Enquirer: 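Take a look at the following structure, please.
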Amino acid sequence: MSTALEALPPQRVEPIQRLNPFRLLPALLKLRFRGDFSDVVTYSYSIKAGLRAGFWPVRFVYLHRPELVEAVCVKNDKSYIKPLGIEGLRRFLGNGLLTSEGKFHLRQRRMIQPAFHKKRIDAYAKCMVDYSLKRTEQWKDGQELDIHTEMMGVTLEIIAKTMFNAEVAGDAAKVAHALDMITGYQERYGIRWVGKIFDALPLPSTRRLLKAMAELDAIMYRIIDEHCGAEEDTGDLLSMLLQARAEEDGTIMSGQQLRDECLTLFLAGHETTAVLMSWTWWLLSEHPEVEAKLHEELDRVLEGRPAAMEDVDKLVYTRYVVTEAMRLYPPAFGFGRQAIEDNQVGPYLIRKGTIVGMAPFLMHRQPEWYPEPEKFDPERWTPERSEGLPKFAYCPFGGGSRKCIGDQFAWMEATLLLATFAQGWKMRVLPGREPVPQPLVTLRPKGGVPVVLEKRTLAAVS
Ligand code: HEM
């Protein structure tokens, strides 16, 4: 470790002092909008977070430079684990890919990775388009609806079909409810023993939460049971996992582990893309000039027929729109790590125990890499304009060994969903109903995105 280490900037004491990591982002945003924003922000010990660490104070550092984020996620990967707060998610998701650590995580990742190879993902394209078209069958010109609920519904159907070969249209309301409960109550479980007390107390909220989780588990186990006995890989992840054997010891996954992995993919794999699509519809509604260019490309490339996997590479502007929407509203707005040993990040010494936060939401708005950062400008992603952008200046899927396993799936899904829905429909956000970012587990649009549907005429489509 180099001797010429710089001291971390002094800790901020207002107004974030009282906040725990989950509430930090809005506070940082306020600082940013006041122009009081630096590359590295350290902040004070929070009592709550100290409790999570077992009564030891914890130091938090937020890093906002690409090379520092890269150092934590890639170069010094072995010096970090997921931060304390992950315990809240572990309570619900168990020990799946998102929450597991070390050798076990690596073993599971190796077993699951083949389901995300390019050939597999290409095969999912038709399902993505079919479910999108099916959803619009009930839509009517001039109808008002919450496009966020629609996007949650369609991405849920797609993840269930592609990963588990299951139909879940009838379960959407239960899954959405369980997700709301997990999102709302995960903080309560940030400290394991406190969570256990909550579980034991006859509180109405605990009863509702446990009931929602039991319903979600019932759906998951029903899907797993439907596959048991199947002797071959039928193209979906679950049938593959039932056949999969660990490289190291040739063992198969236990029922509990299957449940944890499937539930993780079920939840991680649909709300994120749905959130991205919802923000995209809002941005397009606000920027008719971008929408017109998008329509021009869709009409020219698709000539009125449904999009297919072969079109994805040709839908260049469509991809720019997705990329830019995810710059401004990254569904995973922030992620974190905790140092398990002292390590050097750029010029800084990060001490063992420190929680390091990295926020794509803030990184993606740094004027140094994104001139006029608040502007929705899909063409900033042309090769000429995006050349030279540091690798981690755009990091909606994280990086290193914990990088999103579904990134290629998500790119394809978002491109095909945008193409399919925008080909036939415009969404107009109702005046005065602009969505507000709500940073929970994902960056949800608070209160949904109410729109009026406008059918595009056949003349315009053909
Ligand atoms: C726009 C859509 C998506 C975004 C923005 C997104 C973002 C992320 C991010 C930032 C991480 C890393 C978190 C960390 O480092 O702590 C992650 C991990 C993960 N994502 Fe995604 N994700 C998306 C879609 C998906 C999809 C479609 C799937 C599955 C089909 C998926 C499954 C997962 C899993 C299992 C992990 C944990 C990976 C590991 O630790 O090995 N995600 N995602």
Side-chain angles (χ1 to χ4, degrees), residues 26 29 33 132-133 135-156 172 176 179-180 183 270-299 317-333 361 364-365 372-381 396 410 413-440 442-457 460-461:
L29 272 178
F33 289 127
S132 306
L133 288 172
R135 186 144 288 260
T136 60
E137 280 170 9
Q138 309 299 322
W139 287 7
K140 296 199 172 45
D141 198 18
Q143 184 184 352
E144 272 185 33
L145 49 70
D146 174 16
I147 200 71
H148 182 58
T149 306
E150 294 294 300
M151 294 299 112
M152 288 289 277
V154 73
T155 53
L156 180 73
L179 251 181
D180 284 347
T183 308
H270 88 280
E271 172 160 344
T272 39
T273 314
V275 163
L276 168 61
M277 296 312 298
S278 302
W279 287 111
T280 307
W281 297 126
W282 177 65
L283 288 163
L284 288 173
S285 169
E286 291 288 295
H287 297 87
E289 72 294 351
V290 173
E291 191 186 49
K293 280 191 189 168
L294 173 70
H295 287 151
E296 187 280 319
E297 177 174 271
L298 295 176
D299 296 350
Y317 191 77
T318 311
R319 170 96 171 204
Y320 291 162
V321 172
V322 172
T323 314
E324 180 67 347
M326 195 147 49
R327 180 183 72 82
L328 284 169
Y329 295 99
F333 58 90
F361 190 96
H364 293 177
R365 287 162 189 256
E372 295 186 81
E374 308 301 329
K375 187 174 166 195
F376 178 55
D377 176 12
E379 271 151 276
R380 68 168 91 233
W381 294 103
E413 185 179 25
T415 308
L416 288 174
L417 261 59
L418 181 56
T420 307
F421 287 111
Q423 194 181 19
W425 300 87
K426 290 181 184 178
M427 331 294 176
R428 290 284 160 262
V429 174
L430 297 168
R433 304 288 296 276
E434 291 77 17
V436 177
Q438 189 181 26
L440 293 166
T442 62
L443 194 64
R444 283 186 179 182
K446 195 173 181 180
V449 184
V451 298
V452 176
L453 297 173
E454 251 179 53
K455 190 152 178 48
R456 292 188 68 216
T457 59
V461 173

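Remember, it's a predicted structure, so these values are computed and weren't measured experimentally. Counting begins at 1 with the first residue of the sequence. Excluded from the calculations below are hydrogen atoms, water molecules and symmetry mates; all remaining heavy atoms, backbone and side chain alike, are included.
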Enquirer: What's the shortest heavy-atom distance between Val321 and Phe376, and which atoms?
Expert: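 Of all heavy-atom pairs spanning Val321 and Phe376, the closest is CG1-CZ, 4.1 Å.
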
Enquirer: Is there a donor-acceptor contact under 3.5 Å from the side chain of Ser278 to the main chain of Ala274?
Expert: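 Confirmed, Ser278 side chain pairs with Ala274 backbone.
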
Enquirer: Over all heavy atoms of both residues, which pair between Asp141 and Lys455 is shortest? Give the atoms and the distance, please.
Expert: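 The pair with the smallest heavy-atom distance is OD1-N, 2.8 Å.
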
Enquirer: Are Arg319 and Glu297 within salt-bridge range, i.e. N to O under 4.0 Å?
Expert: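 A salt bridge is absent here (no side-chain N lies under 4.0 Å from a carboxylate O).
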
Enquirer: Using side-chain heavy atoms (C-beta onward) and a distance below 4.5 Å, is Thr136 in contact with Phe421?
Expert: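 Yes, at least one pair of side-chain atoms sits under 4.5 Å.
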
Enquirer: To the nearest 0.5 Å, tell me how far Thr155 OG1 sits from Glu413 CD.
Expert: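 Those atoms lie 6.0 Å apart.
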
Enquirer: Donor-acceptor check, side chain of Gln143 to backbone of Leu453, threshold 3.5 angstrom: yes or no?
Expert: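 Such a contact is absent between Gln143 side chain and Leu453 backbone.
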
Enquirer: Is there side-chain contact between Glu379 and Tyr317, with at least one heavy-atom pair below 4.5 Å?
Expert: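 Yes, their side chains come closer than 4.5 Å.
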
Enquirer: Are the side chains of Val290 and Leu283 in contact, using a 4.5 Å heavy-atom criterion?
Expert: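 When only atoms from C-beta onward are counted, Val290 and Leu283 do not touch, as no gap falls below 4.5 Å.
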
Enquirer: So, taking the atom named NE2 in His295 and the one named CZ in Arg456, what distance separates them when rounded to the nearest 0.5 Å?
Expert: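 These two atoms lie 4.0 Å from each other.
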
Enquirer: Less than 4.5 Å apart, side chain to side chain, heavy atoms only: is that true for Glu150 and Trp139?
Expert: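 Yes, at least one pair of side-chain atoms sits under 4.5 Å.
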
Enquirer: For Thr420, is there any backbone N or O sitting under 3.5 Å from a side-chain donor or acceptor partner on Ser132?
Expert: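 No; judged by distance alone, with no hydrogens or angles, the pair does not exist.
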
Enquirer: Could you tell me whether the side chain of His364 and the main chain of Arg327 form a donor-acceptor pair under 3.5 Å?
Expert: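 The answer is yes, because a donor-acceptor pair under 3.5 Å joins these two groups.
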
Enquirer: Before accepting this row, confirm whether a basic side-chain N of the pair Asp180/Arg444 lies closer than 4.0 Å to the acidic partner's carboxylate O.
Expert: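 The answer is yes: the pair qualifies as a salt bridge.
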
Enquirer: Between His270 and Leu179, is any pair of side-chain heavy atoms under 4.5 Å apart?
Expert: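 Sidechains of Leu179 and His270: in contact.
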
Enquirer: CE/Met326 to CG/Leu443 distance, rounded to the nearest 0.5 angstrom?
Expert: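 Reported to 0.5 Å precision, the distance equals 12.5 Å.
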
Enquirer: Whether the side chain of Arg380 engages the backbone of Lys375 through a donor-acceptor N/O pair (distance < 3.5 Å, no angle test) should be reported.
Expert: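 Yes, the answer is positive, given that a donor and an acceptor are paired below the 3.5 Å cut-off.
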
Enquirer: For atom CD of Glu289, is the number of surrounding heavy atoms from other residues, nucleotides or ligands below 6.0 Å larger than 12?
Expert: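 Enclosed: over 12 neighbouring heavy atoms sit under 6.0 Å from CD of Glu289.
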
Enquirer: Between CG of Leu417 and OG1 of Thr273, what distance do you get to the nearest 0.5 Å?
Expert: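 One gets 8.5 Å once the value is rounded to the nearest 0.5 Å.
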
Enquirer: How long is the span from the CD atom in Glu286 to the CD atom in Glu434, to the nearest 0.5 Å?
Expert: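 Here the interatomic distance stands at 6.0 Å.
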
Enquirer: Below 4.5 Å, heavy atoms only, C-beta onward: do Leu328 and Arg365 meet side chain to side chain?
Expert: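 Side chain of Leu328 against side chain of Arg365, heavy atoms only: contact under 4.5 Å found.
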
Enquirer: Using every non-hydrogen atom in the two residues, find where Gln423 and Leu298 come nearest and quote the distance to one decimal.
Expert: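 Scanning both residues completely, I find the closest heavy atoms to be N-CD1, 3.8 Å.
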
Enquirer: Between the main-chain N or O of Pro445 and the side-chain N or O of Trp282, is there a donor-acceptor pair closer than 3.5 Å?
Expert: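 Not at all, since once roles are kept as given, no pair shorter than 3.5 Å links the two residues.
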
Enquirer: Does some side-chain heavy atom of Thr280 sit less than 4.5 Å from a side-chain heavy atom of Val322?
Expert: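 Not touching, per the 4.5 Å side-chain cut-off.
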
Enquirer: Apply side chain to side chain contact (heavy atoms under 4.5 Å, CB included) to Leu430 and list each qualifying residue two or more places apart in sequence or on a separate chain.
Expert: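 Leu430 satisfies side chain to side chain contact (heavy atoms under 4.5 Å, CB included) with Glu144, Arg433, Pro450, Val452 only.
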
Enquirer: Do Glu296 and Lys293 meet the salt-bridge criterion of a basic N to acidic O distance under 4.0 Å?
Expert: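 Here Lys293 does not pair with Glu296 in a salt bridge, since their nearest N and O are not under 4.0 Å apart.
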
Enquirer: If you apply the rule side-chain contact (heavy atoms from CB on, under 4.5 Å), what do you find for Val449 with Met151, and how did you get there?
Expert: CA-CA 10 Å; Val449 184; Met151 294 299 112; over 6 Å; no

Enquirer: Taking all non-hydrogen atoms of both residues into account, name the closest pair between Leu276 and Pro331 and its distance.
Expert: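 What the structure gives for the nearest pair is CB-CG, 3.8 Å.
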
Enquirer: Which atom pair, heavy atoms only, marks the closest approach of Val436 to Trp279?
Expert: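 Val436 and Trp279 have their closest heavy atoms at C-CH2, 3.8 Å.
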
Enquirer: Are Glu271 and Leu156 packed together at the side-chain level, in the sense that at least one heavy-atom pair is separated by less than 4.5 angstrom?
Expert: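 When only atoms from C-beta onward are counted, Leu156 and Glu271 do not touch, as no gap falls below 4.5 Å.
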
Enquirer: Look up atom CD in Glu291 and atom OG in Ser285, then write down how far apart they are to the nearest 0.5 Å.
Expert: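 Here the interatomic distance stands at 7.5 Å.
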
Enquirer: In terms of relative ring orientation, are Phe361 and Tyr329 parallel, tilted or perpendicular, with 30° and 60° separating the classes?
Expert: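 Ring orientation, 0 to 90° scale: perpendicular.
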
